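Numbering of ligands and ligand atoms starts at 1, following listing order. Being a predicted model, the structure only gives us computed values, none of them experimental.
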Amino acid sequence: MQELRDKYIQAIGSAADEAALEELRVQAVGKKGEISLKMRELGKMTPEERQTAGPALNALKDEINSALAAKKTALADAALDERLQAEWLDVTLPGRDRRVGSIHPVSQVWEECTAIFADMGFAVAEGPQVEDDWYNFDALNIPGHHPARAEMDTFYMHRAAGDDRPPHVLRTHTSPVQIRAMQAQGAPIRVIAPGRVYRADYDQTHTPMFPQVEGLAIDRDISMANLKWVLEEFFSAYFGTKVKTRFRASHFPFTEPSAEVDIQCSWEGGTVKVGEGDDWLEVLGSGMVHPKVLEAAGVDPSQWQGFAFGMGIDRIAMLKYGIPDLRAFFDSDLRWLRHYGFSALQVPTLRGGI
Ligand code: 2NL
């Protein structure tokens, strides 16, 4: 009996896990376990033998059962301790740095413009940034000898010796996109062409790449009056307040007549406010598309007419968000973006609201 006890107490003490413990329980006190079998043998004993063996077996059974229960608790505690060791968390550690990013203000303004013009029925057209000089100049009524070609400070692509294809340029405006759109879909057409344009010009107010949006509406009887309405509607939606426009006669080779467009503003304490006051700020060029341009794009000028306009996006982004220096757009430091109130989670919405 003592041997039996020692065997089980020792085995229970060194059981590695609950499964081993269960196996021991079955072996010792299970229905066909060693102790149960011994209890069954009590019947064959003499009353005297039974009197000592009975209580001893019962006591052994109790002892083993409580050893099993104690070991089970010890195993569970050990398992919990192990988890607590492995899964601890130091809540006093500083948080991990989050990567921060933001949609560039120019991209946001592009989105805003796209949304506002979309409301007025304009689709977005896109095209190559490296253009054939026919699309960038000739189709726009700017022939080879025209001073505008020189004025535009064009970047020409390198040509290998013997390559006699027509010159390619970095587009100086997004007008070629609209020429391509007219060739592809003909008239009537209403598109805007947002995109990067390039001119070899670099100083306080010019960067060699700048973002532009051009617009084009061609139909049977589109007029300058429609142009004025579309632009006032656009600026009012973009700045979130009624904005008057002023047209001044101008000249572009691709429009006739041509007009420079100013928006109403006030100048006070060195800051510009759009949509109030008696001052004017030049923001875009526009006009009625020249018949030669329509013809070059495959649109019959005796049947169709319309307006076009072009504006720099950096200018109107600076005006809306109070950014004083063009160079901020090319800064990779996010602090200035935060300073002007741009954050990663702000997404442009319709009608100029942020
Ligand atoms: C400016 C002036 C302008 C256009 C762009 C245009 C496009 C086609 C036909 C005719 Cl396809 N015109 N675009 C017209 C007038 C002015 O831009 O100062 N932009 C910054």
Are Arg220 and Gln303 close enough that a side-chain donor and a side-chain acceptor fall under 3.5 Å? yes
At what distance is the nearest protein heavy atom to atom 4 (C) of ligand 1, and which residue and atom is it? Phe254 CE1, 3.6 Å
Heavy-atom nearest option to atom 2 (C) of ligand 1, drawn from Ala139, Ala193, Ser258, Gly285: Gly285
Electrostatic pair Glu260:Arg246 at N-O distance under 4.0 angstrom: no
Taking distance alone, with N or O pairs closer than 3.5 Å, would you say Ser286 contacts ligand 1? no
Quick check on the 6.0 Å ring-centre criterion: do Phe309 and Phe117 meet it? yes
Using distance alone, decide if ligand 1 has a nitrogen or oxygen within less than 3.5 Å of any nitrogen or oxygen in Gly310. yes
For Gln212, take its heavy atoms, then give the atoms of ligand 1 lying under 4.0 Å from any of them. 19 (N), 20 (C)
Between Val261, Thr255, Leu140, which one has a non-hydrogen atom sitting closest to atom 8 (C) of ligand 1? Leu140
Among protein heavy atoms, which lies nearest atom 7 (C) of ligand 1, and at what distance? Glu214 OE1, 3.3 Å
Gln178: numbered ligand 1 atoms lying under 4.0 Å from its heavy atoms: 7 (C), 11 (Cl)
Do side-chain atoms of His290 reach the backbone of Met288 as a donor and acceptor pair under 3.5 angstrom? no
Does the pair Glu22/Arg25 count as a salt bridge with the N-to-O cut at 4.0 Å? yes
Report yes or no: do Tyr321 and Gln108 form a side-chain donor-acceptor pair below 3.5 Å? no
